[in-house]
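The chains referred to below are lettered A, B, ... by the order of the sequence lines, with proteins before strands, and numbering in each begins at 1.
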Amino acid sequence: MPIDLDHDLNPAQREAVLATTGAVLVIAGAGSGKTRTIVYRLAHLVEQGVSPEAILLLTFTRKAAQEMIMRAGALLGRQLPKASGGTFHSFAYGVLRRHAVDLGYPAACTVMDRGDSEDVMAEVRRELGIAPQDKTFPKRGAVLELLSKSRNKETPIGDLLGREAPHLLPFSGDFATLAEGYASFKAARGLLDYDDLLFLLERLLTERPDIAETLRARYRYVMVDEYQDTNMVQARLVRHLAGPAGNVMAVGDDAQSIYAFRGANVENILRFPEDFPGTRVITLEENYRSTQPILDLTNEVLRQAPRRFEKNLRATRGGGSVPFLLRPFSDFSQAELAVAAVTELAREHPLHEVAVLFRAGYQSYALEIALNKARVPFQKFGGIRFAEAAHIKDVLSILRLIQNPLDLPALTRILEHVPGVGKRTAAKINAALAAGNQPALDKAVKRHPGAGELFAFLDDLRSGVYPPALLVERVMVFYTPLLTRAHPEDYPRRLAGLEQLSQIAAGYASLDAFLADLVLENPEEGEGGVKRDTLVLSTVHSAKGLEWSAVLVIDLVDDRFPSRHAMASPQDMEEERRLLYVACTRARERLALFAPQRVYQRQSGTTVPATMSLFLRSLPEHLFTVWSEGYPGMAGRGAPSLTGDRGTLSSPSGRPAPSFPDGLAAAPAGAGPADPETARPKTPPARLGYCRHKIFGEGKVIGDLGEGKLRVNFQGFGLKVILADYLEMLPEPNRAGV
DNA sequence: GCGCCTTAGTTTTTT
DNA sequence: ACTAAGGCGC
């Protein structure tokens, strides 16, 4: 059954699908059927007789690429396992693992995640003796971030510091020293960070024209999605892979460029027609996702952006309700109001069709507590990743050591489980291994028999080539006793995570592909994307490319959204604006923007007046329906209905009054009088002392966080924040040393 | 040197 | 909330 392009696509989409030769740039506005266009183009190419092997599709996540290839297969009625798709990083690693030796790297390389890179950076700083004990020296995470940015933007570190962190300019020399030390440390041990993957692939393509030619001959049709979020190396890689006369299509939306912080360069998409002379530019402006009132708002958000491809989104759907602008009294009542709004919207849409979006991960904490209290199930994107959980990393570390014995972060992780061994000893053993210093190794093993056991186990695992799933099983047998000892009460949950890991491993034939994929494309905890009837919480960045029937955006006040870090720089502010644009264009039918009138300030411990986000302040009022919450306990408690036909403020008649449950807009429990300064619960008198918890056992209360929450230090479990209700207070410690 | 505790000072976004 | 460094016992 041939694909019906005339019926399934609009003229602009069809043009993009049919333009299979030469360079094509598709400017695809939000919700304009971009994915559909790529899917049809893939299918069309194959239908025209192009071999799937000749197609390379680079996207932002591997999942997105696989889904598009799968959908193209569904159109054709046959799967396309030979088509290549993935992220730049995963594609780069795929090529590099076959050619590491050509670049002078060890045959077995390890791809590090952010945490591993930080561990390496800390060790390099210690070894080089850079600013020891200097508390003003930036932390390893900050150092790494700035050096990575300097690499990705291809700007000398001194210049970058001058522009983005002038207070660190005195450390400019130290940064340069660290950059060198970090690079050589990695190279000597076959460690690759995210940036290395891109730059090494470029080096390979430049130094080995024969390999570049082989790749070009294979991938005759290159497609790059989300081109607005590529950085300079990635653009050069595209040029290398396509060649001057290649068939290359870039798809993207300059208005949705939100990754400049990690070196992405909007100029790439703006300049694509110059990079590939003769480029055909196709603009998709018809929006199939949102209703017109939502688009009116998003078009206006964008209207002030300085340089862009001209486009104006037009809705193809009729009707729709005007977006809400809600002004909760504080960020605390914002959480309560958002829960009430979600509850109400859930009567109209399945819960997984509702999402709450925010600028930064921490901004959902208050909401998460409120949701737990209201027993609303939710799933958070952009939070802790499956592969970053301690027990998962432990097992992965052993697997990594099988193929790369010099993997310092992995070695350190595992050796820290051996009693009497810490970072220092681990680094020494690693150095001895790297230098081939056998006597030093023997000495260390003699001193720490546990380390010897580990090495024997590793040698055993290395004795043959085993499938990853089998290796995971064997490592679990070795590791489970350690886990149960470290977490006597909590280990079942962690074991379940490890079971999941072994499931994932079963899908791989080779160990290095398995390990690299986990680092390059984190599966979400709980496996398999969207859970039914579960509210979605997400950072705006993680929400890219997704859509929901109803979207709430919270914390839309200056310093939060836009982020405080961006407020000083006009360029960064433009990115914040685009971020808001991305957030609002995720909504199909309902959009509610929350701008609390007051927010909690950590420094002072009080709530202070907040300024509504600059981007909202500059919008004409007719674009939304405004509702302000009164002072707690006073008039104005009635909340608006979000499900009315035209966003009316009173409950629409003829429906079961869908206003929020009574009292939801009131001050949180434990609040003092209705005075703004004291509306937030002040920290009650500290109840420090000793306590017992059902699961964690005996502990010492070392802090009172208010709202009934205590910070408790449990023996063997460390610091936990626990609700006082779950604790039995003890007059005296029963055990010594608690 | 390790490991555990305390204290002081920062917290954006992600492959 | 998380990191890093200093103190202290082993």
Peer 1: Rounded to whole Å, please give me the gap between CG in A/Leu415 and C1' in B/dC2.
Peer 2: 13 Å
Peer 1: Take atom OH of A/Tyr362 and atom P of C/dC2, then tell me their distance rounded to the nearest Å.
Peer 2: 15 Å
Peer 1: Taking the side chain of A/Phe261 as its heavy atoms from C-beta onward, which of B/dT14, C/dA5, B/dT15 lies nearest to it?
Peer 2: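 Nearest listed nucleotide: B/dT14.
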Peer 1: Walk me through it: do A/Thr110 and A/Asn404 pass the test side-chain hydrogen bond (donor to acceptor under 3.5 Å, both in side chains)?
Peer 2: CA-CA 7 Å; A/Thr110 308; A/Asn404 182 1; 2.9 Å; yes
Peer 1: For A/Glu145 and B/dT13, what is the distance between atoms CD and P respectively, to the nearest whole Å?
Peer 2: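 Taking atom P of B/dT13 as the reference, CD of A/Glu145 is at 10 Å.
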Peer 1: Please state how far atom CZ in A/Arg359 lies from atom C1' in B/dT12, giving the value in whole angstrom units.
Peer 2: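 My rounded result for the distance is 5 Å.
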Peer 1: Quick check: closest heavy atoms across A/Glu575 and A/Ser257, and the distance to 0.1 Å?
Peer 2: OE1-O, 3.9 Å
Peer 1: Over all strands shown, is A/Arg140 touching base, sugar-phosphate only, or nothing at heavy-atom distances under 4.0 angstrom?
Peer 2: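 Counting heavy atoms under 4.0 Å across all strands, the contact made by A/Arg140 is with sugar-phosphate only.
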Peer 1: Under a 4.0 Å threshold between the charged nitrogen and the carboxylate oxygen, would A/Glu574 count as salt-bridged to A/Arg578?
Peer 2: no
Peer 1: Rounded to the nearest Å, what distance is computed from the OH atom of residue A/Tyr365 to the C1' atom of nucleotide B/dT12?
Peer 2: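 After rounding, the gap between these two atoms is 12 Å.
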Peer 1: Between B/dT10, B/dT13, B/dG1, which nucleotide gets closest to the side-chain atoms of A/Lys428?
Peer 2: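 Output: B/dG1.
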Peer 1: Please report, rounded to the nearest Å, how far the C1' atom of B/dT14 is from the NZ atom of A/Lys544.
Peer 2: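 From A/Lys544 NZ to B/dT14 C1': 10 Å.
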Peer 1: Check this for me, if you would: do A/Asp119 and A/Lys423 make a salt bridge, where the nitrogen-to-carboxylate-oxygen distance has to be below 4.0 angstrom?
Peer 2: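 Between A/Lys423 and A/Asp119 there is no salt bridge, as every charged N stays at least 4.0 Å from the carboxylate O atoms.
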Peer 1: Can you tell me which nucleotide in B/dT12, B/dT15, C/dT3 comes closest to the side chain of A/Lys139?
Peer 2: C/dT3
Peer 1: Are any of A/Thr539's side-chain N or O atoms less than 4.0 Å away from OP1 or OP2 of B/dT14?
Peer 2: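 For B/dT14, OP1/OP2 do have a side-chain N/O of A/Thr539 under 4.0 Å.
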Peer 1: Is any side-chain N or O of A/Ser542 closer than 4.0 Å to OP1 or OP2 of B/dT14?
Peer 2: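 Looking at the OP1 and OP2 atoms of B/dT14, one of them is under 4.0 Å from a side-chain N or O of A/Ser542.
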Peer 1: Rounded to the Å, how far apart are A/Met232 CE and B/dT15 P?
Peer 2: 22 Å
Peer 1: Please pick, from C/dA5, B/dT14, C/dT3, the nucleotide with the shortest atom-to-atom distance to any side-chain atom of A/Tyr259.
Peer 2: B/dT14
Peer 1: Does a salt bridge link A/Lys34 with A/Glu226, judged by any charged N lying under 4.0 Å from a carboxylate O?
Peer 2: yes
Peer 1: Between A/Phe60 and B/dT15, do the rings stack, that is, sit under 5.5 Å apart with planes less than 30° off each other?
Peer 2: no
Peer 1: Could you pick out which residue, A/Ser563 or A/Asp195, lies toward the 5' side of DNA chain B when each is mapped onto its nearest nucleotide?
Peer 2: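 Taking each residue's closest nucleotide, the earlier one in sequence belongs to A/Ser563.
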Peer 1: Looking across every strand, which nucleic acid part, if any, lies under 4.0 Å from A/Thr425 by heavy atom: base, sugar-phosphate, or nothing?
Peer 2: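 Sugar-phosphate only.
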Peer 1: Within the structure shown, what part of the strands sits under 4.0 Å from A/Val421 by heavy-atom distance: base, sugar-phosphate, or nothing?
Peer 2: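 The answer is sugar-phosphate, as A/Val421 gets under 4.0 Å only of primed atoms, P, OP1 or OP2.
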Peer 1: Rounded to the Å, how far apart are A/Lys423 NZ and B/dC2 C1'?
Peer 2: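 Computing the A/Lys423:NZ to B/dC2:C1' distance gives 11 Å.
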Peer 1: Select one nucleotide: of B/dT14, B/dG1, B/dT12, the one nearest the side-chain heavy atoms of A/His565.
Peer 2: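 Shortest atom-to-atom distance from the side chain points to B/dT12.
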Peer 1: Base, sugar-phosphate alone, or nothing: which one does A/Arg424 contact when heavy atoms must sit under 4.0 Å apart?
Peer 2: sugar-phosphate
Peer 1: Using a cut-off of less than 4.0 Å, is there contact between a side-chain N or O of A/His541 and OP1 or OP2 of B/dT14?
Peer 2: no
Peer 1: Flag the pair A/Asp229 and A/Lys544 as a salt bridge only when some basic side-chain nitrogen lies within less than 4.0 angstrom of an acidic carboxylate oxygen.
Peer 2: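 Answer for the salt bridge query: yes.
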